[in-house]
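Numbers restart at 1 for each chain; the letters A, B, ... are given by sequence-line order, proteins then strands.
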Amino acid sequence: MIGLRKRDRSLSNDGKSGSSAYSGKRLKVEDTRGNEAEHRSLKTQEIRTAEDTEILPGEEGLSEFERRRLKNLRDNAKFFEEMGIFKAKDAFRELSEKPKVKPTERGLKRGAVKPEPLPRRAPSLRLQNKDPAGEELPERPTIFVEPTEEHPRKASGPLTMCETLKNAEENTETSHNNFLSSLKTLGEGKEKKSVKVESSLENFLKACKRMKLHEDRVAKVVKDRIFSVAVHPSETRVFVCAGDKWGKIGLWDVESKEGDDGVFLYEPHSRPVNCMFFDPSNASRLYSCSYDGTIRRCDFNKAVFDELYATPEEDSNRCSGFDFLDASNLVVSHSDGDVGLVDIRTKGLAAEHMYQCHRKSVKTINVHPVKKHYFLTGSTDGNACIWDIRQMKDKKPVSVDTLPHGRNLSSAFFSPQTGKFIVTCCVDDRLRIFEGSTPGEYKQRCSTRHNNHTGRWLTPFRFMWHPSREDVIVTGSMDRPRRIELFDTSGHLIHTFTDGDYLGSVCSINAFHPTRNILVGANSSGRLHVFM
DNA sequence: AAAGCATGTTTCC
DNA sequence: TGGAAACCCTGCTT
């Protein structure tokens with residue numbers, strides 16, 4: 001961007017300001033890295049051939065050199081015109097013009113985070129520089145400070161919502177108590193029990209056209225980049241949450257004014273919160289999983305973040321995702337390619353089983369919605385694999401289906417009702433949909449180009465299904481003006497959500513409400529956008 | 001194997 | 001006010 005802008009400026013100088021009579025030639029010289037001697041010889045040559053310069057009206061009295069200079073300006077302008085430079089420049093300016101979307105000041109206020117020293121877990125043997133037997137190891141050279149040392153894992157065991165609260169305001173106490181009381185009623189709300197929304201795609205898209213953003217529906221909900229987002233299934237309240245880079249979870253009661261415009265911020269983790277879900281069988285429980293190697297469950301009735309799972313070492317095997325096998329068992333994916341089985345009823349925090357499923361990091365893990373013994377993993381080793389939990393005897397199991405992609409995957413998910421479709425997000429800039437009736441038989445159905453090049457600062461895209469539709473996939477987009485896109489199972493773009501006033505950034509992570517027409521988009525600076 | 005590069009938004013000055 | 005700096009644990013290329 002900086003480079004392009006500089007080039008743009010130099011073009012306008014050459015075309016208009018007349019800072020150089022030889023701009024046309026000079027471009028060539030610049031291309032050969034500014035050879036000064038060559039430049040000078042060109043100059044003298046041109047002055048010598050200036051004798052045939054015609055004297056135009058208004059140029060009387062000007063020196064031959066000046067006339068030649070003006071002619072060069074005209075020639076250059078004509079040349080650029082013919083090349084379409086000016087048109088291209090205007091088009092470029094139009095494209096690169098930043099939308100005038102002012103970042104919202106709603107939600108968390110700027111300023112210092114309330115320093116709340118939490119008790120930290122005893123450092124691991126590795127961090128104490130001891131071998132597994134507890135013997136002191138030789139001093140290691142410290143080349144750089146590891147992030148875990150600056151952001152150590154939180155103390156093991158339950159953390160209360162009060163002790164992890166991070167809102168900056170002074171007078172949050174009463175406000176927070178009100179919020180905690182309101183959380184208790186959130187889970188009690190009369191929920192439609194698994195009522196399938198069976199409206200046609202056409203009707204759904206009509207409803208999408210009516211969904212709008214509004215000033216009150218954009219807020220800063222966490223401090224940093226958002227890695228995960230969840231929508232509460234409440235039929236009456238609009239309640240959304242975001243997990244950020246430094247282990248914070250922001251809860252936003254969208255239509256409330258308590259705290260910072262309805263936002264309360266907690267820090268139950270210490271590293272990116274990659275994956276968050278409400279318990280499908282109990283809407284007052286929010287599960288979260290983090291690169292700090294732990295899974296916690298926030299219980300709104302107890303106002304506590306319980307710890308359900310922890311890897312033995314805090315940074316060697318980061319948790320990247322999880323899903324529910326049944327009410328008490330989870331599958332957990334890790335950054336070293338392992339998949340763990342966790343029984344959350346047991347007292348211990350370790351996994352029951354750990355399998356080496358991939359050679360590289362597993363990005364997403366997803367249980368088949370009907371045949372619960374199958375789960376799907378998407379990995380940076382370039383494969384999406386389906387595994388059968390009943391056949392996993394060895395430490396190194398064999399997948400029952402492998403969908404190879406040339407390159408790194410950032411997500412792979414079964415369609416949420418039947419599991420008949422799989423959508424994958426790959427860094428080769430493709431959205432792929434696979435179709436199959438049973439694992440082992442999935443075949444690619446279509447592949448659509450989609451710019452997934454989010455780069456280093458933005459959270460990579462994840463193609464997410466509408467949680468109760470087989471025909472709608474939602475994703476962020478790099479296109480301008482900034483937008484959130486919907487695709488169907490043929491890989492066709494079927495809708496884009498935009499807003500000239502309130503959506504001005506890339507929403508990498510998005511989630512639909514299961515039954516209501518509510519869509520939340522999360523950007524890489526902690527802001528949530530609620531279309532409804 | 002190690003280093004370099006690219007990408008976008010916000011905040012600060 | 002515009003422009004620079006900060007963010008930074010990702011994946012690719014040299």
*asked:* Both Thr454(A) and Lys220(A) contact DNA chain B. Which one's nearest nucleotide lies toward the 5' end?
replied: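 In this pair, the answer is Thr454(A).
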Mind checking [X] for me? I need base, sugar-phosphate or nothing, with any heavy atom below 4.0 Å counting as a touch.
{"X": "Lys360(A)", "value": "nothing"}
{"X": "Ser525(A)", "value": "sugar-phosphate"}
{"X": "Asn523(A)", "value": "sugar-phosphate"}

*Would you please classify the geometry between the Trp387(A) ring and the Phe375(A) ring as parallel, tilted or perpendicular, with 30° and 60° separating the classes?*
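Taking Trp387(A) first and then Phe375(A), their aromatic rings lie parallel (interplane angle under 30°).
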*Just say parallel, tilted or perpendicular for the rings of His151(A) and Trp246(A), cut-offs at 30° and 60°.*
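Parallel, since the angle between the ring planes stays under 30°.
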_P spacing across the pair dC12(B) / dC8(C), given as an integer number of angstrom_ =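 Taking atom P in both dC12(B) and dC8(C), they lie 15 Å apart.
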*Whole-angstrom distance between dT13(C) and dT7(B), as gauged at atom P*: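 Approximately 14 Å lies between the P atom of dT13(C) and that of dT7(B).
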Using atom [atom1] of [X] as one end and atom [atom2] of [N] as the other, report the distance to the nearest whole Å.
{"X": "Leu409(A)", "N": "dG11(C)", "atom1": "CG", "atom2": "C1'", "answer": "13 Å"}
{"X": "Arg456(A)", "N": "dC12(C)", "atom1": "CZ", "atom2": "C1'", "answer": "13 Å"}
{"X": "Lys245(A)", "N": "dC7(C)", "atom1": "NZ", "atom2": "C1'", "answer": "9 Å"}
{"X": "Asn452(A)", "N": "dG8(B)", "atom1": "CG", "atom2": "C1'", "answer": "16 Å"}
{"X": "Arg462(A)", "N": "dT10(C)", "atom1": "CZ", "atom2": "P", "answer": "11 Å"}
{"X": "Arg271(A)", "N": "dC8(C)", "atom1": "CZ", "atom2": "P", "answer": "10 Å"}
{"X": "Trp457(A)", "N": "dT7(B)", "atom1": "CH2", "atom2": "P", "answer": "12 Å"}
{"X": "Asp429(A)", "N": "dG11(C)", "atom1": "CG", "atom2": "P", "answer": "14 Å"}

*Does Arg318(A) make a cation-pi contact with Tyr291(A), if we ask for NZ or CZ under 6.0 Å from the ring centre and within 45° of the axis?*
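Yes, cation above the ring, under 6.0 Å and within 45°.
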*Which of these passes side-chain hydrogen bond (donor to acceptor under 3.5 Å, both in side chains) with His405(A): Asp428(A), Asn383(A), Thr424(A)?*
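For His405(A), the side-chain hydrogen bond (donor to acceptor under 3.5 Å, both in side chains) test succeeds with only one of Asp428(A), Asn383(A), Thr424(A), which is Thr424(A).
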Presence of [X] side-chain N/O under 4.0 Å of [N] phosphate oxygens OP1/OP2:
{"X": "Arg480(A)", "N": "dG8(B)", "result": "no"}
{"X": "Arg225(A)", "N": "dG8(B)", "result": "no"}
{"X": "Lys223(A)", "N": "dT11(B)", "result": "no"}
{"X": "Arg407(A)", "N": "dG11(C)", "result": "no"}

For residues 486-499 of chain A, tabulate all N or O donor-acceptor pairs below 3.5 Å that involve a side-chain atom, not counting sequence neighbours.
residue: Asp488(A); atom: OD1; partner: Ser490(A); partner atom: N; Å: 2.9
residue: Asp488(A); atom: OD1; partner: Gly491(A); partner atom: N; Å: 3.2
residue: Asp488(A); atom: OD1; partner: His492(A); partner atom: N; Å: 2.9
residue: Ser490(A); atom: OG; partner: Arg445(A); partner atom: NH2; Å: 3.4
residue: Asp499(A); atom: OD1; partner: Asp501(A); partner atom: N; Å: 2.8
residue: Asp499(A); atom: OD1; partner: Tyr502(A); partner atom: N; Å: 2.8

*Among the candidates dG8(B), dC12(C), dT9(B), find the nucleotide nearest to the side-chain atoms of Ser505(A).*
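Closest of the options to the side chain of Ser505(A): dT9(B).
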_Listed nucleotide nearest any side-chain atom of His453(A), set dG11(C), dT7(B), dT10(C)_ =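 Taking heavy atoms from C-beta onward, the closest nucleotide is dT7(B).
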